[in-house]
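I'd like to ask some things about the structure below.
Computation of the quantities below employed the complete heavy-atom set of this structure, encompassing side-chain atoms and omitting hydrogens, waters and symmetry-equivalent molecules.
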Amino acid sequence: IENCKDCILFVLDHVASVTIDDCTNCIIYIGPSKGSVFIRDCSDVKLAVCCQQFRTRDCKRVDTFLHSNTQPIIESSTDMRFACLQIDYPQLAAQVEGAGISLYNNEWSNIYDFSPVDHGANFSLLPSAARFDTYLTPEHVQSASPDLNITCSESLYPLTVGNRVGGEFGKSAFSASS
C-alpha cells in the first residue's frame with residue numbers, strides 16, 4: 001500500500017506481510033498478517049492490524065489498534081499512539097488461524113523505541129476506552145463489508161489493558177467474557 005491520501009482501506013483477508021509507505025490522512029484495516037506489517041513515512045493515519053511483527057519508521061501521528069504476537073518496534077517515529085485491537089467479522093477466526101496468530105499472546109503495548117528522546121516519549125497508549133470504530137461512519141463500514149462488526153463487546157480478540165504505568169489496572173490485565 002503506497003502513496004495513499006485521504007483514503008479508507010479495508011483488507012478483509014489474511015496476508016503474508018504488508019508494507020505501507022507514504023500514506024497521509026488514511027484509515028486502514030489490515031486482516032491478520034502471518035508475517036510483518038511495516039509502516040514507513042506515514043502521517044495522520046488510523047490503523048487497525050493483527051500481525052506477528054509490527055514495525056514503523058519515520059512516521060508521525062499514527063494511531064494503531066494492534067494485536068501483535070511480538071514486541072512492536074518504532075524507529076524515528078513521533079506521536080505514535082497504541083490501543084488493543086477490538087474487531088470482528090464472520091471470516092476473521094478462520095483468517096487468524098490461517099495466519100498462525102495466537103489470540104492469547106498480544107504484545108500491543110510493549111513498544112520498543114529504537115530512537116528514544118531525552119524528554120517525553122515518541123509513543124503513548126490511547127485511553128482504554130478508545131475504539132477504532134470512532135474513526136468510521138456506518139457508511140464506511142457498510143461499504144467495506146455488510147458483515148463487518150467493529151464493536152468491542154463482540155470482538156474476536158481478547159481485550160487487554162496493556163502496560164499502563166501507574167494506570168487503572170496496575171502493570172497489565174486480561175479481560176474475558178463468556
Side-chain angles (χ1 to χ4, degrees), residues 1-87 92 95-96 99-102 105-137 140-141 144 150 157 160-165 167 172:
I1 300 171
E2 62 184 329
N3 300 320
C4 296
K5 184 175 181 183
D6 301 319
C7 293
I8 299 171
L9 306 166
F10 287 89
V11 178
L12 297 172
D13 202 352
H14 67 284
V15 295
S17 65
V18 176
T19 302
I20 301 172
D21 286 325
D22 298 308
C23 292
T24 304
N25 197 35
C26 293
I27 299 170
I28 303 171
Y29 170 77
I30 303 294
S33 174
K34 187 171 190 161
S36 64
V37 173
F38 193 17
I39 317 298
R40 298 181 297 203
D41 300 304
C42 292
S43 61
D44 302 303
V45 169
K46 310 307 183 212
L47 176 67
V49 63
C50 168
C51 58
Q52 291 287 351
Q53 180 187 50
F54 180 83
R55 295 191 66 144
T56 70
R57 181 170 174 85
D58 300 317
C59 292
K60 298 175 187 165
R61 297 175 305 281
V62 175
D63 288 357
T64 303
F65 295 81
L66 180 64
H67 182 97
S68 179
N69 285 167
T70 60
Q71 184 177 28
I73 295 170
I74 66 171
E75 185 175 358
S76 302
S77 296
T78 59
D79 296 321
M80 306 293 289
R81 301 188 312 167
F82 293 87
C84 183
L85 177 61
Q86 295 290 280
I87 197 167
L92 183 58
Q95 293 171 2
V96 167
I101 301 287
S102 168
N105 178 22
N106 189 359
E107 296 287 327
W108 72 268
S109 68
N110 190 20
I111 314 299
Y112 184 81
D113 186 352
F114 267 114
S115 354
V117 291
D118 291 336
H119 302 98
N122 290 318
F123 69 92
S124 62
L125 303 185
L126 285 159
S128 58
R131 299 289 173 256
F132 183 63
D133 61 343
T134 61
Y135 299 113
L136 302 170
T137 67
H140 296 145
V141 175
I150 309 179
Y157 302 101
T160 60
V161 298
N163 295 330
R164 297 186 183 278
V165 177
S172 65

Rounding to 0.5 Å, atoms CZ (Arg40) and SG (Cys59) come to a distance of 9.5 Å
Problem - Derivation of the side-chain contact (heavy atoms from CB on, under 4.5 Å) call for Met80 and Asn122 - result: CA-CA 6 Å; Met80 306 293 289; Asn122 290 318; 5.6 Å; no
Checking the side chain of Asp22 only, and the main-chain atoms of Glu2 only, is there a donor and an acceptor separated by less than 3.5 Å? no
Output for pair (Leu85 CG, Asn106 CG), nearest 0.5 Å, gives 8.0 Å
The salt bridge (charged side-chain N to carboxylate O under 4.0 Å, His left out) partner of Asp44 among Arg81, Lys60, Arg61 is Arg61
Which word best sums up how the rings of Phe82 and Phe54 line up, parallel for under 30°, tilted for 30 to 60°, or perpendicular for over 60°?
perpendicular
Value for CG (Asp41) from CD1 (Ile20), rounded to nearest 0.5 Å, stands at 12.5 Å
Q.
When you compare the side chain of Val37 with that of Arg55, does any pair of heavy atoms fall below 4.5 Å?
A. no
Item to complete: Verify side chain to side chain donor-acceptor pair (under 3.5 Å) between Ser17 and Ser33, making sure each step is shown before the conclusion.
Response: CA-CA 6 Å; Ser17 65; Ser33 174; 5.8 Å; no
Value for SG (Cys50) from NE2 (His14), rounded to nearest 0.5 Å, stands at 11.5 Å
So CD of Glu107 and CG of Leu66: to nearest 0.5 Å the spacing works out to 10.0 Å
side-chain contact (heavy atoms from CB on, under 4.5 Å) filter on Thr70, not counting sequence neighbours, yields Gln53, Ser68
- Query: Should the pair Tyr29 and Phe132 be assigned to parallel (<30°), tilted (30 to 60°) or perpendicular (>60°) ring geometry?
  - Reply: tilted
Requested in this report: Any chance you could lay out the side-chain contact (heavy atoms from CB on, under 4.5 Å) test for Cys42 and Asp21, step after step, and finish with the verdict?
Outcome: CA-CA 6 Å; Cys42 292; Asp21 286 325; 5.9 Å; no
